[in-house]
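Just so it is clear: chains get the letters A, B, ... in the order the sequence lines come, proteins before strands, and each one is counted from 1.
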Protein chains: 2
Amino acid sequence: MAGRPETPGRRPARGRRENQRLRTRKDLLQAAARLLETGVTPGMDEIAEAALVSRATAYRYFPSLEALLLEAPLQAEAPDPEQLFADDGESDPEARIDRAVDALQRMAYANAPQLRLMLSHSLARPARSDRPRRQNRRTQLIEAALEPIRLQLTQAEYRRLCRALALLIGTEAMIVCQEVLQIDERAAREASRWAARALVRETLAGRRHA
Amino acid sequence: MAGRPETPGRRPARGRRENQRLRTRKDLLQAAARLLETGVTPGMDEIAEAALVSRATAYRYFPSLEALLLEAPLQAEAPDPEQLFADDGESDPEARIDRAVDALQRMAYANAPQLRLMLSHSLARPARSDRPRRQNRRTQLIEAALEPIRLQLTQAEYRRLCRALALLIGTEAMIVCQEVLQIDERAAREASRWAARALVRETLAGRRHA
DNA sequence: GAAATAATGAGACTATAGTCTCATAATAAG
DNA sequence: CTTATTATGAGACTATAGTCTCATTATTTC
């Protein structure tokens, strides 16, 4: 029989021809990632061809082009929050936010074409519970950056600040800068950075005066 | 000859059969808007059928499905900046920003399904000069709100503030609140509003201390 | 090595976006 | 009314996403 070679939902079945399947899967994801870096949405044909695999096989491993693109590895990964603040004892909250904003926005721009596509696909249909949720890198990064001042704030203040900061960074902020403001990456980073600092400053100032 | 009936780029040619063309165009846009409100992306076939027009005619008026969807009228229109600040002499910049943020976010949530689709389409492919640009309501609204304090700021300060505010409102901010933060409309408006006020306050405070 | 099993390739098939051509219907001008 | 002009409808055509079937190839097992 033709059959599916380990459709995502199936159990591992680790005894039988696992390496071959893992290699095919990896080849597809790598080919997709390579093509995505060009900024043009690759078709299933192109990806399959680049992976030296037939189109039918590609569909055996991924139920749709979208699923493949969503799993394609990012060119530059988001920095690990732990690691970003691990080396030094920097406790100035503005400096820490600065670093987080900078790291995330650089990552976003480095993966701009792919992130745009991922967002586009996730918006194409109304949220469904069975659909894989989109990754969320920014919340962890923001919380890590605010860690030193968390206890100085009420829960309401902290939550309010976290939410506002989430609006200033990540894929969506990049989109606004590209499509609406039409400014380059450097100016975009500048804008996010200034706003983030200002919100932290404002929060702490309000705390002191209260 | 078959011919195009006033392709967007052509000159008005206002003498010859203009009403017929305007009516067809309006019918297409209205049909698209009606279908979009269901939250599902309509196909050109569906729109043309709903507009009682052939598919070929639809393509004569709009170069692509995307172009049609981008021009489709929103269910609740964004408030006219002039009108929003016309009636009273409110000059407190924070109050004005408050009003602008509130108005735009209410509009965004009222048109959430359609705006999500519009954004999705505009992200699906890399920006191309021949592709219809997306609408931009927020910039005008922000500038109108900041009008009373514009002269108190340097151009750099003003531009910086405008850019930062653009990150806090509009479709993308709504997306972040829905998908990343997963908060309801009221909490989202609250977040945008507080952040916008804080940035205005911070800008003016920095001005005074300088 | 031979048999059973699983992955793959080739290709037919459907659906929708978009293009193009030609015939027809509606309108304006004489 | 007649004629030229213009919008429209019908349908053929290409391209790509996605599905499905079947033969072939590669791997495992005995």
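The CD atom of E46(B) sits 16 Å away from the C1' atom of dG18(C) (whole-angstrom rounding). Rounded to whole Å, atom P of dT24(D) lies 15 Å from atom CZ of R60(A). For the pair E18(A) CD and dA6(C) P, the interatomic distance rounds to 14 Å; values are reported in whole Å. A straight line from CG of N19(B) to C1' of dA26(C) spans 14 Å, rounded to a whole angstrom. For R23(A) and dT27(D), the CZ to C1' distance is 11 Å, given to the nearest whole Å. Regarding R21(A), its CZ atom lies at a distance of 13 Å from the C1' atom of dT28(D), rounded to whole Å. What separates CG of L22(A) from P of dT8(C) is a distance of 11 Å, to the nearest Å. Rounded to whole angstrom, the span from the CZ atom of F62(B) across to the P atom of dG18(C) amounts to 13 Å.
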Under the criterion side-chain hydrogen bond (donor to acceptor under 3.5 Å, both in side chains), I'd like the reasoning laid out for T24(A) against D27(A): C-alpha separation, chi angles, the key distance, then a yes or no. CA-CA 5 Å; T24(A) 304; D27(A) 288 348; 5.7 Å; no

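Residue S54(A) places none of its side-chain N or O atoms closer than 4.0 Å to OP1 or OP2 of dA10(C).
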Between N or O atoms, less than 3.5 Å apart, protein on one side and nucleotides 13-17 of chain C on the other: list the pairs.
none

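Evaluated for a side-chain contact (heavy atoms from CB on, under 4.5 Å) with V176(A), the options L181(A), L167(A), L168(A), I183(A) yield exactly one hit, L181(A).
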Solution key, residues 106-113 of chain B side-chain donor-acceptor pairs under 3.5 Å, sequence neighbours excluded:
unit_1  : atom_1 : unit_2  : atom_2 : d
R106(B) : NE     : D102(B) : OD2    : 2.8
R106(B) : NH2    : D102(B) : OD2    : 3.4
N111(B) : OD1    : Q75(B)  : N      : 2.8
N111(B) : OD1    : A76(B)  : N      : 3.3
N111(B) : ND2    : A76(B)  : O      : 2.9
N111(B) : ND2    : M107(B) : O      : 2.9

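Both tests pass for R96(B) against the ring of F85(B): distance under 6.0 Å to the centre and angle within 45° of the axis.
Along DNA chain C, the nucleotide closest to T24(A) and the one closest to Q20(B) are compared, and the more 5′ of them pairs with T24(A).
Checking R193(A) against Q105(A) by side-chain atom types alone, no donor-acceptor pair falls below 3.5 Å.
The side-chain contact (heavy atoms from CB on, under 4.5 Å) test applied to D184(A) returns R186(A), A187(A), not counting sequence neighbours.
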